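Proteins come first, then strands; the chains are lettered A, B, ... in the order of their sequence lines, and each starts at number 1. Atom set for the values below is all heavy atoms of this structure, side chains included, hydrogens, waters and symmetry mates excluded. Bear in mind that the values here come from a model prediction, so they are computed numbers and not experimental data.
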Amino acid sequence: MAAVLQAVRARLRRLLGTDENGTVMKIRRRNQFNNFIWKSLPIIRLILLVAGYAWMLAIPLPNLGRKTYIDENALQPGQVNTYWNWPDVLRADRYLADLEGLRDRNASSAEQAAYIVDEFKKLGIPSATQAYSFTGTSGVSNGTNAYAIHSSPRASGAEAILISASRISRTGDLNLRGISTVISLAAYLKGSSLWAKDLIFVISDDHLLGMQAWITSYHGSEQSGLVADPLTLSSGVIWTALNIDYPGHSFSHLGVFFEGLNGRLPNQDLINSFGLISVYTGGVPILLYDHRDPREVPHLESKLSIIPSWLPEIVKKQDAVKEYGFRAKNILRHVGYQARGQTSGVHGLLHRFRIDAITLFAVPATGPHGFHAIGRIIESTLRTMNNLLERLHASFFFYLLVLPSTFLKIGTYLPSVILVSVSMMFTGLGEWVDARWYQPKQSSIEEKAANGQAKSEAIPRPRPVLKALSIVLLTHLAGIALFYLRTLSLASGSETMSLLLFFLMASVPLIALTAHPSPPQAVAPLSKTLKAFNLCFASTVISVTSVLNFSLAAALAVSLGVPLSYSSPSRSSLGIKLAGYTIYAVLGFGWLVLCRKEVQEAIWNWEVLGAWFALFVCIIYSPLVLQAAIVSVLPP
Amino acid sequence: MFWRNNILAVLLLCCTWCLATSEEFHEALTFRPLQDGRLATRFTFTTLLRGAYPRDPSTLQEEDESQHYAIFPLALGQVLREYAVTELHLTLNAGKWDYDHWGYPDEPGVGTGAELWAWMGESAARSVDERWKGLRNALSGQFCASLGSLDEQRTTSPELTFRPEGSLPQWGTTHQLRHGTLPSEHVCTENLTPFLKLLPCKSLTGIASLLNPHRLFDADWHGLGVHVRYLENEGIEVRLSFQSVFDPVRYSNGRRDWSLRSVFDRVIDRSCPIAHSSEIRVAIPKEETAVAITPDSYTTHAGFVYFNVSNASKPLDISMSWPDEQKFEYGSSQSRGRLSVSITNHMPITIQTSYLESMPWLLQFYLHSLQIYSNGVSRDDLISIVSYIPSVPHVRPTLFQAILTLPPKSTLHLSMDVIKPFLRYTEHPPDAQRGWDLPPAVLVPLLHSNSSTLDPGLSNPPSGFEQLRLPRRMYTPVLLVDLATPDFSMPYNVIIMSCTLIALIFGMVFNLLTRKFTLIRVSPEPK
């Protein structure tokens, strides 16, 4: 056997030429290829970067995306007759009148909760209140939630559906109609025996805080600063939830809000079934958020559209451009919520507990829809949720909704960010290799001038890894310190404090200016090593984040991609160095001074709801930019 | 001639046997209006095989004596004899019993899902476990329920909580308990049909004719039970029960009035001729409001109204109404917490209760982390652990029995850390993303014997053989728990991915192992 193999190998070698030569050729080819890649690295990374950004811009293109569809067969949306009718509307009107009476005499939230609990009890549904108080940097907030749990006939009580309305709408108005809808629904839903899951009705105080207190108590988790009464009634596992936000008198469209805390999204089946039911059962058109298509309301087109007005009329008139503008508007709104880890409504607080939840926002208008339509839509949506035998798991958890019924799959948008991240990784690895080898430049020029045959050998040199790593570590530690200082209660909101922090953060690294350049042949420049670490880390962060929170990764790719890749120490004067440094400092810490309101909001989100964005910016984003800034002031 | 003689002999034998064991059949229907406007009903069909004994398990190898029943359900009798079961309890329930509003149930077994427990004598011939397996498969076929899946992974012997309700014969061998629950099993028509077949009058006459599946399975709570016990000096008793909680307010526009017609959509046209007693009892509510009960051919005794179905004029439609009440108003009584492990003692005295938790192995207890809070104060002295049998993964469930001391007017909170192990992928049920239903915990208050009677109205049942007290068991609601579940739409992707990786790794290693390493001098590239 072995002999046969030997013979075959010998013959093959003879066929391919002498064995010596074949291997040498192979090695040469490999070397050539490596050299080609190495030489064209700057072009490759530029191409990757440009391709990534171009892909991002292409996401709203009208011909991308596919129609939404129902994936879970059990849902059967819109397949039931709804029996919600005018008597139930009348009942909702009565609750509304009572609630308006309470509002007019400035009743406290505890009083309102007591009224709601009383109404639930009159319906024969066990109900209770929950008082809570939250102490944070921005003071103390108190409130009272009211909730009721209807144990459905024949159900074991192991599963439940949550229907909620917060007292304050996302618009800042009172959500009285939303609350009336929920109580009237409770009265109506109790009349049927077909519910397979318990129904939990929650009227939470405030906009977000009340629900945060309720849902954390329901799941028995604790949160620092939050003191909430334990819940006296309990039910089973909540799979799906609907939050109703109906602030106006009537509504024209129902808007869907679905982004949760820290970029979590509910299963797409929930949004799709609600959309189908709203259009076909309730006859109410649906919107993403409260975005109306500018083409539908020509008199408001200039106000609603985000297409810049300086574009020539001929371009603006194009339908494709209009479509692109509308899709881009939806995507930007989505990225705005998801990247900042913000919830777009009360529903977003539930995603943390594996509850698929959305908010139905009744877009305020003069008509034509009211309690009758919203009641039927909610009834039918609840029937659909009631059909579930398992958790929602079939449809998509990663998606980009560009229109209410059009979405992009993860495969069509994720590569944009990954391309940028790959480009950054290549740059970083290039710097790392570059730092290792010293190319004696003078001699090479001489040799070239002398038409020299052999290239000068590159000399290996040590890289200051420890130094670079300690700078990286120090910048991240500084980020932690910054976060701590910024969240201290005495620092909150004060303008001088913000300015002080900004200058502190921006000026200390300037010590790097005093660093002396070391002889390039003895040791690699610190700037190169630091840049290599900086880029490799940034690239890793971006690609890891991209599968958790695409919007955040995209925002990072946009803000870090070019600045970090093209940061370089300059030989020029101190003035130019400082100017470059200032740009980096503003990019990294400008938010401290320039968007104080945003910062305040992000810190509130962190303290109260546990959104990671503020922390992420302080200990990941800013330090990364700071490292690039240090690279730019270090000696080459 | 020989045959005729033989038949004669058999007939003779039959007669003597019938004389030795006489059979009695009693049927009863109890109505109890509840404080939240609902109506609890309970059908009981009791057959007593007077003078009979359970089969001695030591005779299992011999051929059994022949069985001849006139009223006693043969299908059940054969199963009992085949597996030598002394006492048997099977309940199939749907819904969550609301102890706070509905009070204590007339039939104590109200845990959601299926529950089966049996006392069997030990025998060298066929082990208890072997017979338990046969029993659950036989009952599974008999009642069209998935009791077959009550396998070793769900079977325990909590002897403290499930005491025998009858007596155990003295055979010189000990009796053993086998108990299993299946919380995800639901009761429906396919279970009721075989249940009705066990009745002597089926659902044609008598009280059983009210068992209308369309109405029964629309009730807020409903459950059927089969209870077999041996009563010393009496015989073997089979009690078939159907308990349900209706909501007349839901049916009749806000009023809580009810009648047989409105609740069951049927009336009693004929009485069951072979029933020794057949009566309908209605509990009179202890409230002020006036109640009208028709027809007026009833007798009143200890808070109950009794109708004798056999004497009453047919068709019999009993109704109860609150004439002074326009619309039923729900009281504003505070509903108490029912967190899965919070127990509230509303009584002004200290109560001891046994606490049983039998958990499938997919939830494993960290017993050291058991904490007990009474009104917010940590009180470790309130629990004494009686027995704890840890689970064996893939084989045996956990059994945890303890005695809790409930101080007067207080709420006890128990908490314990648990670990959720990973399952083999074949162990997931078809609806994997649903999670796992966990069985209810069972609490049995250990009261003084003189205070452990049932509700005053129920403590004097008219039929003589019902006087043995039923123990008070309380079931907590069931739970649904999520375990780490693989995405079952993914296996092919995973297989493809892992095969690719293995192929790559293999290729590399193979390459390294079979390659010969030599030094090759590469001269500078010729230009």
Worksheet item: Atom CZ of Arg391(A) and atom OG1 of Thr485(B): how far apart are they, to the nearest 0.5 Å?
Response: 8.5 Å
Item to complete: Go through the atoms of Leu389(A) and report whether side chain, backbone, both or neither lie under 4.5 Å from a heavy atom of chain B.
Response: backbone
Item to complete: Evaluate side chain to side chain contact (heavy atoms under 4.5 Å, CB included) for Asp247(B) paired with Lys190(A), printing each intermediate quantity in order.
Response: CA-CA 11 Å; Asp247(B) 189 1; Lys190(A) 189 178 181 281; 4.1 Å; yes
Discussion item. Please identify, among Gly157(A), Ala394(A), Ala158(A), the residue contributing the most non-hydrogen atom pairs under 4.5 Å to chain B.
Written reply: Ala158(A)
Response to the item:
Smallest heavy-atom separation, Ala219(B) atom then Pro153(A) atom, equals O-CB, 4.2 Å
Discussion item. On a heavy-atom basis, which atom in Val24(A) and which in Arg521(B) lie closest, and how many Å separate them?
Written reply: CG2-O, 4.2 Å
Worksheet item: Which distance, rounded to the nearest 0.5 Å, do you find between the CZ of Arg154(A) and the NE2 of His186(B)?
Response: 10.0 Å
Discussion item. Ignoring hydrogens, what is the shortest heavy-atom contact between Ser193(A) and Arg250(B)? Give both atom names and the distance.
Written reply: CB-NH1, 2.8 Å
Fill in: Steps toward side chain to side chain contact (heavy atoms under 4.5 Å, CB included) verdict (Lys96(B), Asp198(A))
CA-CA 10 Å; Lys96(B) 182 167 68 175; Asp198(A) 283 4; 3.4 Å; yes
Item to complete: Examine whether an atom of Asn93(B) lies under 4.5 Å from a heavy atom of chain A, and if so say whether it belongs to the side chain, the backbone or both; otherwise answer neither.
Response: neither
Worksheet item: About how many Å separate CD1 of Ile238(A) and CG of Leu480(B), when rounded to the nearest 0.5 Å?
Response: 12.5 Å
Worksheet item: Looking at CG of Asp431(B) and NE2 of His393(A), how far apart are the two atoms once the value is rounded to the nearest 0.5 Å?
Response: 9.5 Å
Practice prompt. Quick one: closest heavy-atom pair of Glu390(A) and Gln433(B), and the distance?
Written response: OE1-N, 2.9 Å
